[in-house]
**Q** 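Below are the structure tokens for one structure; questions will follow.
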2 protein chains.
Amino acid sequence: MVHEVLAAVLRVRSATVQVLLWRRALEPHLGRWSLPGGRLRIDEDVETSIRRQLAEKVDVRKLSHVEQLAVFSAPDRVPGPRVVATAFLGVVPTDVDPDVPEDTAWHSVDNLPRTAFDHRDIVLRARDRLRAKLSYTTIGSALAPASFTISQLRDIYSAALGYPVSATNLQRVLSRRGVLEPTGEIAPPGRSGGRPAALYAFTCNGVHVTDAFAVLKPPTRARQRRT
Amino acid sequence: MVHEVLAAVLRVRSATVQVLLWRRALEPHLGRWSLPGGRLRIDEDVETSIRRQLAEKVDVRKLSHVEQLAVFSAPDRVPGPRVVATAFLGVVPTDVDPDVPEDTAWHSVDNLPRTAFDHRDIVLRARDRLRAKLSYTTIGSALAPASFTISQLRDIYSAALGYPVSATNLQRVLSRRGVLEPTGEIAPPGRSGGRPAALYAFTCNGVHVTDAFAVLKPPTRARQRRT
DNA sequence: GCACGTTTTCGATCCTAAGTCGAAAACTTC
DNA sequence: GAAGTTTTCGACTTAGGATCGAAAACGTGC
């Protein structure tokens, strides 16, 4: 049984969430758009494999985040011999613009072209995962550049979530969680003036779940009553 | 490449979280405890497969919940030919006690016996997933019986989370979310007296994420400012 | 029958943290 | 210097979880 790895690599650009797709040059589904990936080799685990294939095929070496999404295993998901796929969610920061080959391009996830196989399902699943994780993890740090103004960060969050976000609230929520800190630098004001914005950066390296997002927390003052 | 499906089936019993394991009768790792599961057949997807194998092997037909956990794919995770595993989290309510074969038994996840391969990692991952999901989904309905008192539910949550939970708070949190409702019936008081408890039931069928657990919510009054 | 222990239930209060608003600050261009 | 822009910050409101204690409803023992 063949096992393949696929990745929905997402980024935020021009106020939309985009996914990296490449146009199939072979049957079946010639001309349709599909996710990068390929066969799992015998000597690598799935995460190593997807990182290798992304680096080889589409020149995305500096993904800011990669995580498992789900296994897609419907027997007829691709024509011909059985192929089980492990799908990944990948994230690229807004400021990097990796060179991509001729046959690949970024597409808005809200306006996908004709996709191959079950890849549309995978893309939408990846988008939903990203949105959900913005609430309770530091995955925003994978979307944002190394340093940014609060307005820029608000635009990223707004685009990823699909609705307007308050800059004031965003700053307070992230600051309270201790994942945001000012760099001390100041960004030059825009062409139309306005107060120069302070630059911020995420304090965390990597994406992790924020503690204290959970409900039904453990008791604060350890009363050792028998429940 | 061989693909197998495995399940960490969890339940709460005697104030602990337990997992269903069976004792290997073959080499390698003869005598160690391992997760139920087996090979993926050519004509079934992974979820169909794990449900079939659980029903066949350990007589667990009425799982209250099943979900994908992760893919385990280290090249050397099992000796011999390569085997990639899709791991599942399964849940059984506290009140049912399925017949299990001779060579299987429930073990506390906090005190696991000698386990085979990477199955210990899978069990611990399943436990963590269960704990996290108690916060923001209705997975508690999969742990609990069809009807229960608040005290019983508190004991289930306390055991699953590993720390004492307030019955008052638990009831209010679940009620506010609209997933808990009184059945109208009354449970008989215990041997030592006490006010008889009202019986409750979950209003939801199946496990789903509670909306309104998210932070950075969409604006309530749709101000259409250009953000 | 009545005091006592037990368990459940419910209201009241506290507190943390998110959502909202508006004014002040700091720049631009005209 | 006046007007327009954008950022920043404090103050307030609101929501919802955490905690406490009293009242309710039962049994038991004297």
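Every chain is numbered from 1 and lettered A, B, ... according to where its sequence line falls, protein lines coming before strand lines.
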**Q** Could you say whether B:Tyr200 or A:Arg172 is positioned toward the 5' end of DNA chain C, judged by the nucleotide with the nearest heavy atom to each?
**A**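 On the 5' side of the pair lies B:Tyr200.
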**Q** Just the rounded figure in Å: distance from C1' of C:dT7 to CG of B:Asp155.
**A**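 Between C1' of C:dT7 and CG of B:Asp155: 12 Å.
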**Q** B:Ile150 has an atom CD1; how far is it from atom P of C:dC10, in whole Å?
**A**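 Answer to the nearest Å: 9 Å.
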**Q** Decide if the gap between the ring center of B:Tyr163 and the ring center of B:Tyr157 is smaller than 6.0 angstrom.
**A**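 For B:Tyr163 and B:Tyr157, the ring centres are not under 6.0 Å apart.
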**Q** Looking only at heavy atoms, which two atoms of A:Val12 and A:Thr94 are closest? And how far apart?
**A**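 Looking at all heavy atoms of both residues, the shortest contact is O-CG2, 2.9 Å.
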**Q** Among C:dT9, D:dC9, D:dA18, which nucleotide sits nearest the side chain of A:Gln171?
**A**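 Of the options given, the side chain of A:Gln171 lies nearest D:dC9.
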**Q** Below 4.0 angstrom, which residues in residues 141-149 of chain B have at least one non-hydrogen atom near DNA chain D?
**A**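 DNA chain D contact set from residues 141-149 of chain B: none.
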**Q** Around atom CZ of A:Arg125, are there more than 12 heavy atoms of other residues, nucleotides or ligands at under 6.0 Å?
**A**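 Count not over threshold, so no.
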**Q** I need the minimum non-hydrogen distance between A:His119 and A:Leu35, along with the two atoms involved.
**A**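 Taking A:His119 first and A:Leu35 second, the nearest heavy atoms are ND1-N, 2.9 Å.
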**Q** For B:Arg120, does the CZ atom have more than 12 heavy-atom neighbours from other residues, nucleotides or ligands under 6.0 Å away?
**A**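 No, CZ of B:Arg120 has 12 or fewer neighbouring heavy atoms, counting only those of other groups under 6.0 Å.
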**Q** When rounded to the nearest 0.5 angstrom, what distance separates CD in B:Gln18 from CG in B:Asn111?
**A**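 If we round to the nearest 0.5 Å, B:Gln18:CD and B:Asn111:CG are 11.0 Å apart.
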**Q** So, the side chain of B:Ser64 versus the backbone of B:Ala142: is there a donor-acceptor pair under 3.5 Å, distance only?
**A**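 Indeed, once roles are kept as given, a pair shorter than 3.5 Å links the two residues.
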**Q** Whole Å only: how far is the CG atom of A:Leu161 from the C1' atom of C:dA18?
**A**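 Distance check: A:Leu161 CG to C:dA18 C1' gives 15 Å.
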**Q** Rounded to whole Å, please give me the gap between CD in A:Gln152 and P in D:dT6.
**A**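 Interatomic distance, CD of A:Gln152 to P of D:dT6: 14 Å.
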**Q** Rounded to whole angstroms, how far apart are OH on A:Tyr136 and C1' on C:dA18?
**A**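 One finds 19 Å between C1' of C:dA18 and OH of A:Tyr136, rounded.
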**Q** Along nucleotides 22-30 of chain D, 5' to 3', which nucleotides get a B, which get an S, and which get a -, given that the test is a protein heavy-atom distance under 4.0 Å?
**A** --BBBS---
**Q** Pick the nucleotide of DNA chain D nearest each of A:Leu199 and B:Thr168; which residue has the one closer to the 5' end?
**A**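 Looking at the nearest nucleotide for each, A:Leu199 comes out on the 5' side.
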**Q** Whole-Å distance between C:dA18 P and A:Leu134 CG?
**A**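 In whole Å, C:dA18 P and A:Leu134 CG are 15 Å from each other.
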**Q** Check whether any side-chain heavy atom of A:Val9 lies under 4.5 Å from a side-chain heavy atom of A:Trp106, and answer yes or no.
**A**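 Side chain of A:Val9 against side chain of A:Trp106, heavy atoms only: contact under 4.5 Å found.
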**Q** How do A:Ala197 and B:Val173 order along DNA chain D: which one's closest nucleotide is nearer the 5' end?
**A**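 Upstream on the strand: A:Ala197.
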**Q** Does B:Ser166 put a side-chain nitrogen or oxygen below 4.0 Å from OP1 or OP2 of D:dA18?
**A**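 Answer is no, no contact under 4.0 Å.
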**Q** If I take atom CG in residue B:Leu170 and atom P in nucleotide D:dT19, what distance separates them, rounded to the nearest angstrom?
**A**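 My rounded result for the distance is 13 Å.
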**Q** In whole angstrom, give the distance that lies between atom CG of A:Leu174 and atom P of C:dA18.
**A**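 Result: 9 Å.
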**Q** Tell me what A:Ala198 touches on the nucleic acid: a base, only sugar-phosphate, or nothing, going by heavy atoms under 4.0 Å.
**A**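 Contact class for A:Ala198: sugar-phosphate only.
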**Q** Looking at A:Arg77 and A:Asp118, what are the two nearest heavy atoms and their distance?
**A**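 Closest heavy-atom pair between A:Arg77 and A:Asp118: NE-OD2, 2.8 Å.
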